[in-house]
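Order of appearance sets the numbers: ligands from 1, and atoms from 1 within every ligand.
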Amino acid sequence: MARVKPKPTDSSLRRLERAARGALAHSYSPYSKFRVAAAVLAGSGKVYSGCNVENASYGLCNCAERTAIFSAVAAGERSIRAVMVYTPTPLPTAPCGACRQVINEFGPDALVICVCDSKNTIETTLPSLLPGAFGPGDLA
Ligand code: THU
């Protein structure tokens with residue numbers, strides 16, 4: 001029988017939020033001036049963080065979520081259980097469409113939490129953000 005992974009614990013989510021908030025200082029966003037940081041809880045239980053990294057050639061800007069996920073994958077992780085996004089704004093920011101697709105690759109059932117500088121939060125899941133997603137299974 002397939003082993004069902006338990007929901008991330010409150011303590012791992014607190015760790016994740018701390019990592020996301022801590023990564024904001026590294027945001028490289030001189031063009032949009034919109035700072036974003038993210039952290040992901042990988043299958044191993046380790047947390048990887050990232051920030052948005054912009055480029056003078058605007059189309060090459062990389063979102064915080066993808067920076068964090070690519071860093072996890074580059075460290076050998078292949079599954080993502082939760083994604084935390086932090087923006088220093090009054091309202092939380094949800095992952096863009098491209099990031100939703102990248103989250104789907106490694107965390108099709110991932111919990112997605114977006115926090116900001118007020119008590120407003122978004123708590124959702126990847127299937128709610130990207131219903132009917134195209135993914136690795138479609139190529140089988
Ligand atoms: N951005 C993210 O990093 N994550 C999101 O979920 C939305 C947008 C970045 C990309 C760009 O550097 C800036 O925010 C403005 O779009």
Side-chain angles (χ1 to χ4, degrees):
M1 195 171 47
R3 210 175 148 271
V4 178
K5 281 251 181 196
K7 195 173 172 284
T9 59
D10 287 348
S11 91
S12 57
L13 292 179
R14 275 196 298 274
R15 201 155 47 93
L16 196 59
E17 183 169 347
R18 229 182 359 261
R21 289 181 184 271
L24 190 77
H26 301 300
S27 167
Y28 178 73
S29 42
Y31 306 107
S32 73
K33 308 213 182 321
F34 189 71
R35 295 182 299 151
V36 188
V40 297
L41 176 65
S44 68
K46 287 189 191 163
V47 164
Y48 299 82
S49 61
C51 58
N52 55 336
V53 182
E54 299 189 342
N55 192 279
S57 176
Y58 289 5
L60 297 179
C61 292
N62 202 61
C63 291
E65 296 90 322
R66 277 178 284 152
T67 306
I69 292 167
F70 294 156
S71 159
V73 172
E77 304 286 354
R78 288 295 181 270
S79 79
I80 298 296
R81 297 175 59 201
V83 178
M84 181 80 60
V85 183
Y86 168 60
T87 47
T89 51
L91 291 174
T93 302
C96 78
C99 289
R100 293 176 194 200
Q101 183 67 34
V102 171
I103 296 168
N104 182 68
E105 187 76 16
F106 302 103
D109 296 314
L111 187 62
V112 178
I113 303 177
C114 310
V115 297
C116 62
D117 282 349
S118 73
K119 286 202 182 323
N120 291 301
T121 58
I122 297 170
E123 256 200 70
T124 185
T125 62
L126 200 274
S128 305
L129 291 173
L130 193 65
F134 170 79
D138 292 297
L139 301 176

*Could you go through the side chain to side chain contact (heavy atoms under 4.5 Å, CB included) check for Leu13 and Leu111 one step at a time?*
CA-CA 10 Å; Leu13 292 179; Leu111 187 62; 4.2 Å; yes
_Show, in sequence, the C-alpha distance, side-chain angles and deciding distance for Asn62 and Phe70, and conclude whether the side chain to side chain contact (heavy atoms under 4.5 Å, CB included) test is met._
CA-CA 11 Å; Asn62 202 61; Phe70 294 156; 4.3 Å; yes
Could you tabulate the donor-acceptor pairs under 3.5 Å formed by side-chain atoms of residues 122-130, not counting sequence neighbours?
residue, atom, partner, partner atom, Å
Thr125, OG1, Ser128, N, 3.4
Thr125, OG1, Ser128, OG, 3.0

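Contacts of ligand 1 (protein heavy-atom distance under 4.0 Å) are Ser32, Phe34, Val36, Asn52, Glu54, Cys63, Ala64, Glu65, Ala94, Pro95, Cys96.
Counting only distance, with no hydrogens or angles, the side chain of Arg35 and the backbone of Tyr28 share no donor-acceptor pair below 3.5 Å.
In this structure, Glu54 and Pro30 have side chains that are in contact, with non-hydrogen atoms separated by less than 4.5 Å. Residues Tyr86 and Leu24 meet the side-chain proximity criterion, which asks for heavy atoms closer than 4.5 Å.
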